[in-house]
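Fair warning: this is a prediction, and the values are worked out from it, not measured in the lab.
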Amino acid sequence: MPKSWERVGRKIKTNNMARDKAKDDKYFNCEQEHERKYVSGLYVQQTTVYNFLVSKCNTNEIKNSTHLEVYTLIRQKLGYPIPI
């Protein structure tokens, strides 16, 4: 779990933010921790999404993918809607 997340009881407290649609066409960078934190922070199921992103980065499945392609993959594989 990323250090910036705070565990409160059984829940994880974070500052959920709205998706920056200007990033949709920009490439997702697996090498940067803040990219994984940003995208996973858009979902209620942050830990699941974060672990999914780490897994897909490790296998290069999302290498050269745009942010929108990553959101679409999350929707297809995990069933979570694309953040607004």
Side-chain angles (χ1 to χ4, degrees):
M1 177 180 336
K3 292 178 182 178
S4 65
W5 296 355
E6 177 183 346
R7 186 171 289 282
V8 179
R10 298 185 77 196
K11 297 183 179 181
I12 297 173
K13 179 183 174 184
T14 62
N15 294 329
N16 286 0
M17 58 187 122
R19 176 176 123 228
D20 181 359
K21 293 179 181 150
K23 289 187 174 189
D24 282 357
D25 294 331
K26 300 207 184 294
Y27 288 103
F28 180 83
N29 187 342
C30 284
E31 300 298 316
Q32 296 182 356
E33 176 73 12
H34 76 271
E35 290 269 10
R36 293 187 297 271
K37 287 181 183 178
Y38 168 75
V39 171
S40 62
L42 298 173
Y43 294 87
V44 174
Q45 308 84 353
Q46 292 174 1
T47 303
T48 302
V49 173
Y50 181 85
N51 292 335
F52 176 79
L53 293 173
V54 169
S55 171
K56 296 302 177 188
C57 284
N58 288 340
T59 60
N60 290 324
E61 289 181 60
I62 56 177
K63 186 176 182 177
N64 299 321
S65 295
T66 65
H67 279 248
L68 186 56
E69 290 170 334
V70 170
Y71 301 137
T72 302
L73 184 66
I74 291 168
R75 184 184 70 212
Q76 291 170 346
K77 299 294 184 180
L78 299 178
Y80 305 147
I82 294 176
I84 297 174

Between Tyr50 and Val54, does the side chain to side chain contact (heavy atoms under 4.5 Å, CB included) criterion hold? Intermediate values first, please. CA-CA 6 Å; Tyr50 181 85; Val54 169; 3.7 Å; yes
Sequence neighbours excluded - disulfide bond (SG atoms under 2.5 Å apart) pairs with any residue from residues 49-84: Cys30-Cys57
When every non-hydrogen atom of Asn64 is compared with those of Glu69, the smallest separation belongs to O-OE1, 4.0 Å
Would you indicate whether the side-chain heavy atoms of Tyr43 and Tyr71 approach each other to under 4.5 Å? yes
Please give me the minimum heavy-atom distance between Arg36 and Leu53, naming the atom from each residue. O-CD1, 3.8 Å
What side-chain donor-acceptor pairs closer than 3.5 Å can you find for residues 73-84, not counting sequence neighbours?
none

Would you say that more than 12 heavy atoms from the other residues, nucleotides or ligands in this model lie under 6.0 Å from the CD of Glu31, or not? no
Would a 4.5 Å heavy-atom cut-off, applied to side chains only, mark Leu42 and Tyr38 as touching? yes
Quick check for you: to the nearest 0.5 Å, what is the distance between Lys26 atom NZ and Ser65 atom OG? 16.0 Å
Can you list the residues that meet the salt bridge (charged side-chain N to carboxylate O under 4.0 Å, His left out) rule with Glu61, with sequence neighbours excluded? Lys56
Do Lys63 and Tyr27 touch side chain to side chain, with heavy atoms closer than 4.5 Å? no
For Asn51, does its backbone N or O pair with a side-chain atom of Ser55 as donor and acceptor, under 3.5 Å? no
